[in-house]
Amino acid sequence: MTIVGRERGKIRARHPTKRIYVPNCVPVRIGGFLATNPARTLIDCSSALYFRCALSIFDSAFAHGVTANDVLEECEKDPCAHPAVAKLLLYANPDSDNGGESFARGTMIEEGFMPPMVQVPFIVNGKSYRVDFLWKLADERIIVGEFDGTAKYVDPDMTDRRSIQGTVFLEREREDALRQAGVTDIVRFTFDDVLQKAPLIRKLKQAGVPMASHDLHNDYAQFTG
């Protein structure tokens with residue numbers, strides 16, 4: 001349990017409790033309980049979680065209306081706000097489709113790869129195809145990253161009750177359309193690949209995804225400037 005309070009001191013409890021001292025915290029009421037406001041919650045998540053885990057929360061919050069200014073204003077109330085906040089604000093993206101994709105993108109950034117564009121649409125022969133990740137390189141190559149889950153092959157709600165063979169056929173049709181649109185490489189990876197890191201890194205390197213041209217861990221000046 002984590003408790004944010006306006007006064008310093010110890011809390012006696014039978015279960016482990018972490019206390020965060022925030023003298024100017026303005027709480028909100030959710031479901032009858034007092035809780036930290038969304039911006040303050042993001043700050044606390046940045047200090048409690050690894051970047052790739054916290055990015056999913058930041059993406060979701062931004063998709064629900066929280067802004068970078070909201071978080072920065074909250075940081076001004078707390079001079080001890082975790083420095084990881086700046087990096088998360090740099091890369092938070094409300095267009096991320098789900099937490100798994102945010103987790104994958106966060107892992108790519110952690111490992112030093114060029115951050116991808118997300119949920120980019122292609123129109124081919126009147127049909128729209130939206131890809132999970134996209135890299136456009138200086139040599140005119142276009143690399144697409146697809147985050148695969150088994151649910152899209154077996155969950156009736158996601159397959160529109162098509163057979164596995166039918167779903168695979170549509171995936172091949174989709175790949176053909178993307179290549180027709182100029183995509184040069186398509187790299188597919190699973191949640192386990194992302195979780196283990198090494199398989200994801202290997203696949204991205206084999207596909208030719210470049211490393212970032214600057215240090216992603218020292219971007220605060222870029223963000224605030």
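Throughout, residue positions are numbered sequentially from 1 according to the sequence presented. All values reported here derive from a predicted model rather than from experimental measurement. All values below come from the heavy atoms of this structure, side chains included, with hydrogens, waters and symmetry mates left out.
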Approximate separation, where rounding is to 0.5 Å, of Leu88 CG and Arg52 CZ: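 That separation rounds to 13.5 Å.
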Atom pair CG (Asp59) and CG (Asn98), whose distance is rounded to the nearest 0.5 Å: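 Asp59 atom CG to Asn98 atom CG measures 10.0 Å (nearest 0.5 Å).
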In one Ile/Leu/Val/Met/Phe/Trp/Tyr side-chain cluster, 4.5 Å: Val120, Val209: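 No; tracing contacts between hydrophobic side chains, which count when under 4.5 Å, never links both residues.
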Test applied, side-chain contact (heavy atoms from CB on, under 4.5 Å); reference residue, Ser46; option that passes from Val85, Val71, Thr41: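 Testing Ser46 for a side-chain contact (heavy atoms from CB on, under 4.5 Å) against Val85, Val71, Thr41 leaves exactly one candidate, Val85.
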Minimum-distance pair of heavy atoms, taken over all atoms of [X] and [Y]:
| X | Y | value |
| --- | --- | --- |
| Asp132 | Gly145 | CB-O, 3.4 Å |
| Val187 | Ala207 | CB-CB, 3.9 Å |
| Glu175 | Ile186 | CG-CD1, 3.8 Å |
| Ala68 | Phe62 | N-CZ, 3.7 Å |

If we only count heavy atoms from C-beta on, is the [X] to [Y] side-chain gap below 4.5 Å?
| X | Y | result |
| --- | --- | --- |
| Cys45 | Ile57 | yes |
| Ile143 | Leu134 | no |
| Arg174 | Lys127 | no |

Check: Phe191 ring centroid to Phe103 ring centroid under 6.0 Å: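 Yes, ring centres under 6.0 Å apart.
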For [X] and [Y], indicate whether the former's side chain and the latter's backbone hold a donor-acceptor pair under 3.5 Å.
| X | Y | answer |
| --- | --- | --- |
| Arg40 | Glu74 | no |
| Thr36 | Pro27 | no |
| Arg130 | Val118 | no |

Residues Ser96 and Asn93: side-chain donor-acceptor under 3.5 angstrom: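 There is no such pair between these side chains.
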Lys205 atom NZ, over 12 foreign heavy atoms within 6.0 Å: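 No, not enclosed.
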